[in-house]
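Worksheet: the structure to be examined is printed underneath.
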Amino acid sequence: MTASPLGVIAGVVVPGDGRGRMLGFPTANVECEVPALPDDGIYAAWVRVDDDPHPWAASVSVGTNPTFAGERERRVEVHLHDAEVDLYGRMLTVDLVARLRPTLRFDAVEDLIAQTTDDVARCHALLGGRSA
């Protein structure tokens, strides 16, 4: 994996709201330094888990989840493609490859799910699978 011009985010996976799993897109919430985060948005990325040299294709959300009510801090949520892995307490290294779009607020959860489905498909097209 080569260094990304968009940057690398690293941190330990911590519990989140559990909303991604309920929507069909389980995410790992990465605890990291907020000032070091890139602009809010949806990104295609390669993700390494702990010391595993093989990266996973992923969709990454950086932002405050404006679709859902309440005050929210900026966060990093990582959805590994084609993987069901328990990541709690594990270290993720997230190499951002491309910014797909800005963070958006959706009026309906169904619209968010449809857009997320499209985001994952765009990530697959950009990244081409499980290996970098």
Side-chain angles (χ1 to χ4, degrees):
M1 212 164 37
T2 59
S4 166
L6 296 176
V8 175
I9 300 168
V12 174
V13 176
V14 297
D17 298 330
R19 191 175 290 118
R21 185 170 307 285
M22 289 187 299
L23 298 176
F25 301 94
T27 58
N29 290 268
V30 180
E31 186 174 67
C32 53
E33 295 296 320
V34 173
L37 294 180
D39 292 341
D40 287 4
I42 306 303
Y43 294 83
W46 290 111
V47 176
R48 283 180 289 140
V49 179
D50 296 325
D51 295 326
D52 185 352
H54 302 289
W56 291 88
S59 305
V60 178
S61 171
V62 176
T64 60
N65 298 330
T67 298
F68 302 99
E71 287 290 318
R72 300 199 179 284
E73 293 181 13
R74 292 181 77 214
R75 58 175 72 179
V76 175
E77 296 178 288
V78 176
H79 171 68
L80 294 184
H81 299 174
D82 307 317
E84 289 194 29
V85 181
D86 181 7
L87 297 172
Y88 289 113
R90 298 179 75 181
M91 173 64 78
L92 298 189
T93 303
V94 181
D95 187 11
L96 301 174
V97 174
R99 185 171 188 255
L100 302 179
R101 64 175 176 84
T103 300
L104 302 172
R105 183 189 179 286
F106 296 92
D107 292 328
V109 171
E110 295 79 11
D111 296 335
L112 171 61
I113 292 170
Q115 180 62 60
T116 303
T117 300
D118 183 62
D119 294 339
V120 170
R122 289 181 61 203
C123 285
H124 273 291
L126 278 166
L127 302 172
R130 188 188 186 284
S131 59

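What you see is a predicted model; the values in this text were computed from it and never measured.
By the 4.5 Å heavy-atom criterion applied to side chains, Glu73 and Thr64 are not counted as neighbours. Residues Leu127 and Val97 are in side-chain contact: their nearest non-hydrogen atoms beyond the backbone lie under 4.5 Å apart. No side-chain heavy atom of Ile42 sits under 4.5 Å from any side-chain heavy atom of Val60. Counting heavy atoms from C-beta outward, Val62 and Asp39 have side chains that stay 4.5 Å or more apart. Residues Val13 and Asn29 fail the side-chain proximity criterion, which asks for heavy atoms closer than 4.5 Å. Side chains of Val30 and Val12 form no contact here, defined as non-hydrogen atoms less than 4.5 Å apart. No side-chain heavy atom of Val76 sits less than 4.5 Å from a side-chain heavy atom of Arg74.
The side-chain hydrogen bond (donor to acceptor under 3.5 Å, both in side chains) analysis of residues 78-87, with sequence neighbours excluded, yields the pairs Ser59-His81.
Rounding to the nearest 0.5 Å places CG of Leu92 at 13.0 Å from CG of Asp95.
Not counting sequence neighbours, the partners of Leu126 by the side-chain contact (heavy atoms from CB on, under 4.5 Å) test are Ala44, Ala98, Leu100.
Evaluated for a salt bridge (charged side-chain N to carboxylate O under 4.0 Å, His left out) with Arg90, the options Asp51, Asp50, Asp52 yield exactly one hit, Asp50.
No hydrogens or angles considered: nothing links the side chains of Gln115 and Asp111 as a donor-acceptor pair under 3.5 Å.
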